[in-house]
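I have placed the structure first, in the form of structure tokens, so that the comments after it can refer back to it.
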Protein chains: 2
Amino acid sequence: MTAGAGLARQAIGASPGAPLTLSLPEQIAARLSERIIAGTYAPGRRVMEQAVSAEFGVSRGPVREALRLLEKDGLVTILPRRGAQVTRLSIAEVREIFDIRAALNGLRDRQIAEDPDRGRLLPMLEDNVARLAGLARDPGEGDEYIETVFELNRLLNDATPNRRLRAILSSLALQTLRYSRLGLATVGRRQQSAGNWQRLVKAVREGDGLEAQRAAEQRVLDSRDAAIRELEKT
Amino acid sequence: MTAGAGLARQAIGASPGAPLTLSLPEQIAARLSERIIAGTYAPGRRVMEQAVSAEFGVSRGPVREALRLLEKDGLVTILPRRGAQVTRLSIAEVREIFDIRAALNGLRDRQIAEDPDRGRLLPMLEDNVARLAGLARDPGEGDEYIETVFELNRLLNDATPNRRLRAILSSLALQTLRYSRLGLATVGRRQQSAGNWQRLVKAVREGDGLEAQRAAEQRVLDSRDAAIRELEKT
DNA sequence: GTCAATAAGATTGTTGACAATACTACACGC
DNA sequence: GCGTGTAGTATTGTCAACAATCTTATTGAC
């Protein structure tokens with residue numbers, strides 16, 4: 001109702017060769033993914049084509065395609081003849097995704113640590129890691145700690161020459177975002193996280209690829225264990 | 001022309017909850033993927049909606065969806081307003097995919113080696129690896145060596161409890177299938193490959209997760225280097 | 001001869017209607 | 001009371017036509 005018809009063709013910029021405007025399905029997917037990530041659409045909630053198409057004032061075709069895009073990112077699950085629903089992950093599935101992220105983050109950060117021109121990246125990494133240490137002690141600052149962690153991940157992702165790795169990692173990180181947040185609720189956990197980041201950036205600075213890989217894996221695995229501990233509380 | 005209308009709803013069986021019949025888009029995607037994998041559709045070839053829809057006797061809707069499915073597996077690349085074409089990978093992209101495969105195969109095989117009930121799997125692995133050694137010496141046997149390697153990968157994939165890992169690995173393996181084959185053309189390379197497999201299965205037998213991981217990574221990286229050597233010849 | 005503007009054709013994007021299937025509530029028999 | 005069959009409704013799947021955009025061939029100017 002509130003959104004109404006007429007989604008503007010706004011430019012955000014993406015991969016090369018692609019046009020600067022988001023296609024209609026991409027715009028719809030973007031709007032829906034905001035709600036899923038924010039939790040407005042809770043896991044398990046059905047997302048029905050007609051309702052979405054009515055809200056945005058488009059036909060069901062683009063909506064179908066938008067839902068397929070969200071499925072590709074794991075945000076919704078589509079069952080034949082039963083439509084889409086916001087993905088609900090079991091604890092085992094959360095663990096699986098974190099395990100994959102650990103392996104791939106290890107690859108990403110090892111390659112970055114072994115990159116001769118990582119010099120330009122380092123100051124920004126060190127900047128954010130320094131901020132992290134301060135924020136870890138004070139959980140009251142709301143999302144600032146988490147925002148900084150995201151910024152670090154964004155920096156490292158953008159520094160990865162392997163585009164496909166970047167795409168997979170972004171998708172997996174999105175799927176577990178909610179759970180990463182869940183695991184960063186306590187001061188102790190934040191200090192552990194900050195320590196892992198320090199270890200990682202130190203390895204990058206020194207060009208120690210293997211140590212960077214180990215640090216990255218440990219960081220994600222700690223994140224995994226913290227998230228699962230929270231999930232098992234309920 | 002030869003295919004004609006009326007795709008039968010044949011059952012192949014897939015994930016739980018899903019119906020036993022393949023949906024129309026899935027059937028179309030399956031038919032197209034055969035051709036792409038077999039090379040009938042060469043990299044770079046455009047796959048136009050109208051042509052496909054005419055051949056299979058369906059409207060363009062299901063065809064569009066089939067192409068999105070193939071895009072998800074990396075078999076075609078879709079450019080906005082320009083349609084789909086069979087994915088053409090640069091050497092750098094081939095390297096990227098192999099690097100990801102190495103990391104994830106390492107994860108897969110480490111977890112398998114550390115699995116207490118890997119006993120039932122071992123005889124089948126050892127069987128195939130033994131066959132590999134004999135086949136490596138005789139490149140004239142056509143695809144039998146490669147078939148055995150695929151069987152080994154299938155066994156390991158099916159043994160992985162991590163479903164998402166399985167899905168990602170299957171997709172990436174499919175994308176590089178053509179190049180893996182390319183790298184297995186010589187006797188020397190096959191012997192190297194067979195040696196890597198022996199090392200891997202030995203580690204699985206002994207329950208040495210780290211060694212299994214290292215062997216798996218080495219196996220894929222050797223495969224990568226062989227493929228790239230072939231690609232750079234031209 | 002080369003380049004740019006333009007027009008014709010080809011192709012993808014979107015729409016609304018119809019078909020097929022799945023879900024829900026209710027009645028009926030045991 | 002409980003399970004089963006059935007009708008009605010809701011929802012997804014497919015289709016054919018129309019709109020928007022891109023590609024290609026042609027023409028003209030320099």
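Side chains are part of it too, since the values below use all heavy atoms of this structure and drop only hydrogens, waters and symmetry mates. Below, read A as the first sequence line, B as the second, and so on, with proteins coming before strands; counting in each chain starts at 1.
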Q | By salt bridge (Lys or Arg N to Asp or Glu O under 4.0 Å) - contacts of A/R154 (at least two apart) | A | A/E151, A/D158
Q | Rounded distance in Å - CD1 (A/I78) to P (C/dA22) | A | 16 Å
Q: Nearest whole angstrom, please: distance from the C1' of C/dT15 to the CZ of B/R64.
A: 12 Å
Q: With a 4.0 Å heavy-atom cut-off, tell me which residues in residues 40-49 of chain B come close to DNA chain C, sorted by residue number.
A: B/R46, B/M48, B/E49
Q. Looking at the side chain of A/R68, which of C/dT12, D/dG13, D/dT14 is the nearest nucleotide?
A. D/dG13
Q: Under the side chain to side chain contact (heavy atoms under 4.5 Å, CB included) rule, what do A/S33 and A/L70 come out as? Steps first, then yes or no, please.
A: CA-CA 7 Å; A/S33 74; A/L70 294 176; 3.8 Å; yes
Q) Any side-chain N or O of A/R82 less than 4.0 Å from the OP1 or OP2 oxygen of C/dC23? A) yes
With 3.5 Å as the limit, what N/O pairs link the protein to nucleotides 15-19 of chain D?
unit_1 : atom_1 : unit_2 : atom_2 : d
D/dC15 : OP2    : B/S59  : N      : 2.9
D/dC15 : OP2    : B/S59  : OG     : 3.0
D/dC15 : O5'    : B/S59  : OG     : 3.4

**Q.** For atom CD of A/Q50 and atom P of D/dG13, their distance in whole Å
**A.** 14 Å
Q. Side chain to side chain contact (heavy atoms under 4.5 Å, CB included) with A/S170: which residues, sequence neighbours excluded?
A. A/N157
Q. How would you list, by chain and number, every residue that makes a salt bridge (Lys or Arg N to Asp or Glu O under 4.0 Å) with B/E96, sequence neighbours excluded?
A. none
(Q) In whole Å, I'd like the distance from the CD atom of A/E65 to the P atom of D/dG13. (A) 14 Å
Q: Measure from CG on B/L79 to P on C/dT12 and round the result to the nearest Å.
A: 11 Å
Q. Can you name the side chain to side chain contact (heavy atoms under 4.5 Å, CB included) partners of B/T148, sequence neighbours left out?
A. B/N128, B/R131, B/L132, B/L135
**Q.** Sequence-distant partners of A/E147, salt bridge (Lys or Arg N to Asp or Glu O under 4.0 Å), two or more places apart
**A.** none
Indicate every side-chain donor-acceptor pair of residues 223-232 of chain B with a distance under 3.5 Å to a residue at least two apart or in another chain.
unit_1 : atom_1 : unit_2 : atom_2 : d
B/R224 : NH1    : B/D99  : OD1    : 2.6
B/E230 : OE2    : B/K233 : NZ     : 3.2

(Q) Can you measure A/Q27 atom CD to C/dG13 atom C1' for me and round it to whole angstrom units? (A) 13 Å
Q. Rounded to the nearest Å, what distance is computed from the CD atom of residue A/Q85 to the P atom of nucleotide D/dT11?
A. 14 Å
Q | Residue list, side chain to side chain contact (heavy atoms under 4.5 Å, CB included) with A/E217, at least two apart or on another chain | A | A/Q213
